[in-house]
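In the text below, chain A, chain B and the rest are named by the order of the sequence lines, each starting its count at 1. Keep in mind the model is a prediction, meaning the values are calculated, not measured.
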Amino acid sequence: MILFGRRLPAMSSLLIWAALWEVIGRLDLTFFVPPVSAVFATLFQLIQTVAFQNALSTTAYAFVLGVFFAIVIGIPVGILMGKTRILDELLLPWVNIFLSAPLTALVPVLMVLFGFGTKTIVITTALFAIWIIILNARAGVMQINRSLVEMGRSFGASPLQAFFKIYFWAALPEILGGVRIGFIRAVKGVIIGQLLVSIVGFGALFELYSSNFLMEEFWAVLIVLFTLAFSISEFLGYLERKFSYYAASR
Amino acid sequence: MAMSQTKPATAKGAAPAADIAVSVRNVSKNYDDVQALKDLSLDFPRGELTSLLGPSGCGKTTLLKIIAGLLPQSAGQIEVDGKTVTGPGPDRAFVFQDFALLPWANVLRNVAFGLELRGVAKSEREAIAEKYIREVGLAGFEKSFPHQLSGGMRQRVGLARALSVDAQVLLLDEPFSAVDEQTRRKFQEDLLALVANEQKTFIFVTHSIEEAVYVSDQIAILLPRPSRVSEIIRPSSFRNKGVDNIRRDPEYLDIVDQIWASLRSYVE
Ligand SMILES: Nc1ncnc2c1ncn2[C@@H]1O[C@H](COP(=O)(O)OP(=O)(O)OP(=O)(O)O)[C@@H](O)[C@H]1O
Ligand SMILES: [Mg+2]
């Protein structure tokens, strides 16, 4: 953002919104919006409690596991789809359906299939993230320069070598883009999982605070969540830019 | 011109059969409903540079890729050193028109990539790559990435990569078409030196008549689809007169005119 000819640091627009939030909170218009200063005060108390730290580690565990599976399954599947015509025609309709499907509605089915524990939450998280990762890896492979593929063949690359030494790297900018969006979706997935499957982690905190109208705590947890998601997304965006120098010249 | 003189055609006459490195026998190629090559036969003598010259779309790239084993032919066969080609092999290396470099790898890794795929140990393949990087005049750029190089330099990387796998046959598909005219002339001179020093068989696709006549021991003129060889020209006299004199040599000029005469009817 540029103001009066000066470049303001990233996110400084948030300060304006924070100020507005503070004013509305002070005016006491609605219980739903407590002053932001009160929210932050609560936040600093909250993050020192055992309950919060347990919730954080439970959520992080399910989140990391879910994203891990989404990545290690999603990237190879996407690359193979981009490489192999038959596989692509077979799987693409399903990927598209699940990408736009209301996955939340599927969670009860998952609960029947996989039980009411962490397993189902991890699967929910993975399901939220995986489709965009697949689609992006596929798109990355599909725009690969034909002659790069022929180069690999003419110098005798085995299918495995072609996969790891050419296709993966050629698709890396798109793959990272997909992983970044996948991460954001996974945040949604893990919270929805925790709300619907078994009331644990951040999901339990949200449930507890909102049903008891503890809005300061509610907002505090939301801010923590936002900050975590935002930092991960920014970091992946940074990686993406680092690798995109060659995206134009493939 | 008074200084024009006929040279004995025996200086580089038809090469003896034993010295044929690549032999194309009655090859046809159909793409769905397009017949690109029809019953094409052509021999490529060992240690020489043969150009494929012909109008756009006549099947030069198709023929080169069939020889490389990248495309299956519809009929006929290719032999390299008497062995039938069934796919890509270490006896042939390809230089791509659009360079086909790995954008995420530096020059050293790109040049060594053919050896890397063959499982040659890192120190060994990098030593070989460094030698060819020097040979193509890119010393000092080992750590540069393709996007930091000019088109001409990128093509040198592609050339060094093909040289470093030490294949007997080098296949070049319009390798100089993406570089400027000065670079191109320098490349042509370097290519002549390479053919003289490397004892390899070069198969070279080009659009440029002058370029073909300048660098070739043998020029195969292809006619438009369905394509076959209409004429084989073997320049005989000017090759050993030194690179600076070739473009002024009467035989050079005659051959250029002769090729233009046979091709002009297809360029409308
Ligand atoms: N994958 C393909 N599918 C269908 N037709 C093709 C394919 N590749 C080439 N052709 C056709 O085969 C013919 C020969 O193509 P090719 O690329 O070999 O020509 P070329 O001589 O290399 O042309 P240029 O000089 O323009 O590079 C062309 O008419 C082209 O339309
Ligand atoms: Mg071509």
Worksheet entry | Whether B:Ser41 side chain and B:Asn26 backbone form a donor-acceptor pair below 3.5 Å | yes
Worksheet item: Where on B:Phe113 is there a heavy atom nearer than 4.5 Å to chain A: the side chain, the backbone, both, or neither?
Response: side chain
Fill in: Option among B:Asp91, B:Asp217, B:Asp81 that satisfies the salt bridge (Lys or Arg N to Asp or Glu O under 4.0 Å) test with B:Arg46
B:Asp81
Discussion item. Need one label for B:Phe94: side chain, backbone, both or neither, based on atoms under 4.5 Å from any heavy atom in chain A.
Written reply: both
Worksheet entry | Per-residue contact mode, B:Gln97 against chain A (heavy atom under 4.5 angstrom) | neither
Worksheet item: Which region of A:Glu150, side chain (C-beta onward) or backbone (N, CA, C, O), has a non-hydrogen atom less than 4.5 Å from a non-hydrogen atom of chain B, or is it both or neither?
Response: both
Fill in: Polar side-chain atom of A:Ser154 near backbone of A:Met151 as donor-acceptor pair, under 3.5 Å
yes
Worksheet item: Is it true that A:Glu174 and A:Arg138 make a salt bridge, defined as a side-chain N closer than 4.0 Å to a carboxylate O?
Response: no
